[in-house]
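Okay, so here's the structure we're looking at.
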Amino acid sequence: MAGSLPLHGRRVLLGVTGSIAAYKAADICSRLGKLGADVYVVMTPEALQFIGPATFRALTTHPVMVNLFEEPLTDRIAHIDLAQGCDLVLVAPATANVIAKMAMGIADDLLTTCLLAVPDSTPLLIAPAMNTAMWQHAATQTNMATIVSRGTECVSPGYGVLACKDVGYGKLADVDEIVTAVCARLNHVSDYKGIRVLITAGPTREPLDPVRYISNRSSGKMGYALAAEALRRGASVLLISGPTALVPPVGVEFVAVQTAEQMLAACLLHAGTCDVIVGAAAVADYRVEKASGTKMKRHEDESLSLRLIPNPDIIAALTATRSPRQFIAGFAAETDHVVENASRKLRSKGLDLVVSNDVSRTDAGFDVDTNEVTLHWPDGTIQELPLQSKLATAGAILSSIAAARSSISN
Ligand code: PMT
């Protein structure tokens, strides 16, 4: 039974630092243990202000280490043993301070000393948690870029109400997401290494005047999940996104756009360098023929007519100008006749794959964390995937694309 657990026999070093989110580390620790991992916890002295070591000792059945000079075995050096004896290191929550120390190579407590001794071949993940201003500060972003460039993987912080009551980015990522990232990293696949992937995400906004626009309910979650998953699997990822409340996964190349025309221009500019293109964006099909340069005034008893003209079909423009080696997938957001509509889009847009989702559901499609999609292939094959997180959906879509590309090239 234990042998069938996904993390059976894997040793994880969990670093807990001084953030109010430290209490969530207990949940992470418990979840990793239930998945079979043998978890060792190192806390910073500051973390002790938020949660006691007894919690982690009970969850892991191992002593919890805090002090650099506390050597339980006289013939061993604890920080070297801890750093070099594990399969993965996770720092969750990671404060701005520990990120800065990692970037600078400062080792002034047991955790940061361990982090400096982690071999390059051991995956190192961090899940930052801090106030929005601290996360967005140039120093933190520069430090993040430094450690990511050295191979550290970041489970990006989320958006929400923070402990200080501010609303913004900086909230520790969901425990689910952190645990999934650990599982994914330990069962590592790098089938996208050397492959450049372009993903479109989010809605487009088509202005009516300087203050109003036409848009749709896309949150960007599906496209950003694809970007994060492709990056994790070794791809070089370009994410072209309409306006969303999401933080682009650390490590992707990011182009922000507003309108369909801007998204088309960005896609045409970059598509030539990409091997795989996935159109997950909900592009507005129409825009106002002539947007007003000034705010439109309200007139009592007068109706307002807007003349809408079609936007360019971005994914069709990309298939029309594609190179033979490119694989191009689109999505189909449907509310009815899902299979017929998806098959029509597959043919009319010249796609290699259409991923359909029923956007009339409350647990799939727009603005939720889960999706249930069907893959439609040019030979008529239809593959239904289960309802699962958008990250897991992204993983399954990318696996199918990788398999299709390798069968074409063989
Ligand atoms: O962002 P989320 O909240 O996570 O929601 C995810 C999603 C529902 C947006 C996503 O799963 C999805 O279905 N994306 C495609 C939405 C859409 O616009 O579908 P469509 O059936 O209208 O378009 C078909 C394909 O053509 C899509 O790949 C679309 O990106 C593309 N298209 C559409 C119109 C247009 N002018 N240009 C395009 O490239």
Side-chain angles (χ1 to χ4, degrees), residues 199-206 208 213-226 240-244 246 259-261 263-264 267 277-289 305-320 327-401 404:
I199 292 159
T200 68
T204 63
R205 279 184 187 169
E206 311 299 331
L208 307 184
Y213 54 81
I214 299 174
S215 192
N216 58 61
R217 291 171 44 219
S218 172
S219 62
K221 287 178 181 173
M222 190 65 244
Y224 282 56
L226 281 159
I240 300 180
S241 175
T244 74
L246 304 177
T259 66
E261 287 182 302
M263 188 174 274
L264 173 69
C267 285
I277 297 174
V278 184
V283 183
D285 285 319
Y286 291 91
R287 67 178 186 277
V288 177
E289 185 173 33
S305 296
L306 295 170
R307 188 175 152 76
L308 302 180
I309 56 168
N311 261 331
D313 189 323
I314 298 169
I315 207 86
L318 296 178
T319 58
F327 185 101
I328 308 187
F331 271 69
E334 305 298 339
T335 55
D336 55 275
H337 300 93
V338 176
V339 173
E340 295 88 322
N341 290 336
S343 309
R344 187 175 42 74
K345 284 176 184 171
L346 181 75
R347 284 191 305 277
S348 66
K349 293 173 190 270
L351 294 163
D352 299 309
L353 167 67
V354 161
V355 180
S356 70
N357 42 192
D358 181 347
V359 291
S360 62
R361 289 172 50 162
T362 52
D363 56 358
F366 288 118
D367 201 19
V368 284
D369 293 328
T370 50
N371 210 353
E372 187 173 321
V373 303
T374 301
L375 309 188
H376 305 257
W377 298 95
D379 67 358
T381 308
I382 287 180
Q383 223 179 317
E384 289 178 357
L385 301 184
L387 178 67
Q388 54 195 335
S389 70
K390 281 187 173 164
L391 200 58
T393 302
I397 293 169
L398 289 170
S399 295
S400 294
I401 293 176

**Request:** Enter the distance from Ile214:CD1 to Leu308:CG here, rounded to the nearest 0.5 Å.
**Result:** 5.0 Å

**Partner residues of Pro386 under the side-chain contact (heavy atoms from CB on, under 4.5 Å) criterion, sequence neighbours left out** = Gln388

**Prompt:** What's the shortest heavy-atom distance between Ala317 and Leu264, and which atoms?
**Reply:** CB-CD1, 3.8 Å

**Asked** Does Phe331 reach the side chain of Val278, with side-chain heavy atoms less than 4.5 Å apart?
**Response** yes

**Prompt:** Listed by chain and number, what are the side-chain contact (heavy atoms from CB on, under 4.5 Å) partners of Leu375, not counting sequence neighbours?
**Reply:** Leu353, Val355, Val373, Trp377, Gln383, Leu385, Ile397, Ser400

**Message:** Please enumerate all residues that pass side-chain contact (heavy atoms from CB on, under 4.5 Å) together with Thr374, with sequence neighbours excluded.
**Reply:** Ser356, His376, Ile382, Glu384

Per-pair distances, 0.1 Å, donor-acceptor, side chain in residues 338-346, under 3.5 Å, sequence neighbours excluded:
residue: Asn341; atom: OD1; partner: Arg344; partner atom: NH2; Å: 3.4
residue: Asn341; atom: ND2; partner: Glu334; partner atom: OE1; Å: 3.1
residue: Asn341; atom: ND2; partner: Asp336; partner atom: O; Å: 2.9
residue: Asn341; atom: ND2; partner: His337; partner atom: O; Å: 3.3
residue: Ser343; atom: OG; partner: Val339; partner atom: O; Å: 2.7
residue: Lys345; atom: NZ; partner: Glu334; partner atom: OE2; Å: 2.6

**Non-hydrogen side-chain atoms of Pro312 and Met263 separated by less than 4.5 Å** = no

**Thr335 side, atom OG1; Asn357 side, atom CG - distance, nearest 0.5 Å** = 11.5 Å

**Prompt:** Does any non-hydrogen side-chain atom of Lys221 lie less than 4.5 Å from one of Asp367?
**Reply:** yes

**Request:** For the residue pair Ser241 and Ile199, establish whether any side-chain heavy-atom pair is separated by less than 4.5 Å.
**Result:** no

**Asked** In terms of side-chain heavy atoms, does Ser218 have a donor or acceptor partner in Asn216 at a distance below 3.5 Å?
**Response** no

**Asked** Tyr213 ring centre to Arg205 NZ or CZ under 6.0 Å, with the angle to the axis within 45°?
**Response** yes

**Prompt:** For Glu289, what residues pass the side-chain hydrogen bond (donor to acceptor under 3.5 Å, both in side chains) criterion, not counting sequence neighbours?
**Reply:** Arg307

**Request:** For Ala260, check side-chain contact (heavy atoms from CB on, under 4.5 Å) against everything at least two apart and list the hits.
**Result:** Thr204, Glu206, Val283, Asn311

**Item:** Closest approach of Thr370 to Asp363 (non-hydrogen atoms, all atoms of both residues)
**Value:** OG1-O, 2.6 Å

